[in-house]
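What follows is one structure encoded as structure tokens, with my remarks underneath.
This one's a predicted model, so the numbers in the text were calculated from it and none came from an experiment.
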Amino acid sequence: EPEVTQTPSHQVTQMGQEVILRCVPISNHLYFYWYRQILGQKVEFLVSFYNNEISEKSEIFDDQFSVERPDGSNFTLKIRSTKLEDSAMYFCASSRGQGEYQPQHFGDGTRLSIL
Amino acid sequence: AQSVTQLGSHVSVSEGALVLLRCNYSSSVPPYLFWYVQYPNQGLQLLLKYTSAATLVKGINGFEAEFKKSETSFHLTKPSAHMSDAAEYFCAVLNNAGNMLTFGGGTRLMVKP
């Protein structure tokens, strides 16, 4: 069964550094998402992306964050000037379409640790 | 804004016992609801979804959930727990635009032998 794959599984970065989290969505999916889960807290929506544009974003997704689909297969989340509070598990998801009949499929996540 | 609340951050059952994980929603319009499961060191896997076609929804691994509008609930059940069901379970609601999931706090299910 096709899967969403995320790399790396664990990223350790010094505070203030930039980090790029990578995702390969399922190949025939057109909608892409990032979520995060701070340890012990809820899974939180960050952003959705379609047709090379952000279609929805949360308050968390400020100027520090950006997303990109640099080629036909990857979907990346960039965090500039990381802060301690950015430490979390980041999940990428993709779906073929939008709505209740096109569920989002999640990757295994990247654990980001900011030192 | 739509939201979901999961009562009980931890639930412990014996193997073979009934599993009941609670989820209540808040929505001004008919919601689209999902249950996801997260096994250790893995991502979120879709268990089942409610799309208004039927109030009783069957999912994978023997789980099912019933949508009750009068109670604003979408509780997840399984008649007989198995050790492999030990995981964290998340209830989620989809926004009207269909592009954002809002998750509950999660319930960690423990299964005792």
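Counting heavy atoms of neighbouring residues, nucleotides and ligands inside a 6.0 Å radius, atom CZ of R69(A) exceeds 12 of them. Around atom CG of D62(A), more than 12 heavy atoms belonging to other residues, nucleotides or ligands sit under 6.0 Å away. With a 6.0 Å radius and a threshold of 12 heavy atoms from other residues, nucleotides or ligands, L39(A) has its CG atom at or below the threshold. Heavy atoms of other residues, nucleotides or ligands lying less than 6.0 angstrom from CZ of R80(A) number more than 12. Within a 6.0 Å sphere centred on CD of E53(A), heavy atoms belonging to other residues, nucleotides or ligands number 12 at most. More than 12 heavy atoms of other shown residues, nucleotides or ligands fall within 6.0 angstrom of atom CD in E15(B). Annotation for M110(B): atom CE counts as buried by contact number, over 12 foreign heavy atoms lying within 6.0 Å.
Across all their heavy atoms, G43(B) and F91(A) have their closest contact at CA-CE2, 3.9 Å. Contact detail for M100(B) and Q104(A): the closest heavy-atom pair is N-NE2, 4.3 Å. The two residues A97(B) and E56(A) have their closest heavy-atom pair at CB-OE1, 4.4 Å. Closest non-hydrogen pair, Y33(A) versus G98(B), comes out as OH-O, 4.4 Å.
Aromatic ring centroids of F103(B) and F45(A) lie 6.0 Å or more apart.
Neither the backbone nor the side chain of Q6(B) has a heavy atom closer than 4.5 Å to any heavy atom of chain A. Only the side chain of L94(B) comes within contact range of chain A, with heavy atoms under 4.5 Å apart. For N96(B), no part lies under 4.5 angstrom from a heavy atom of chain A. Proximity to chain A (any heavy atom under 4.5 Å) is shown, for Y39(B), by neither the backbone nor the side chain. Residue Q6(A) does not touch chain B at all, counting heavy-atom pairs closer than 4.5 Å. The parts of L44(B) that come within reach of chain A are both its backbone and its side chain, each placing non-hydrogen atoms under 4.5 angstrom from that chain. Neither the backbone nor the side chain of Y31(A) has a heavy atom closer than 4.5 Å to any heavy atom of chain B.
V47(A) and M89(A) are not part of a single hydrophobic cluster, where members link through side-chain heavy atoms under 4.5 Å apart. A chain of hydrophobic side-chain contacts below 4.5 Å, direct or via other Ile, Leu, Val, Met, Phe, Trp or Tyr residues, connects M83(B) to L21(B).
One finds the OG1 atom of T102(B) at 7.5 Å from the OH atom of Y35(A) (value rounded to the nearest 0.5 Å). A distance of 13.5 Å separates CZ in F32(A) from CG in N99(B), rounded to the nearest 0.5 Å.
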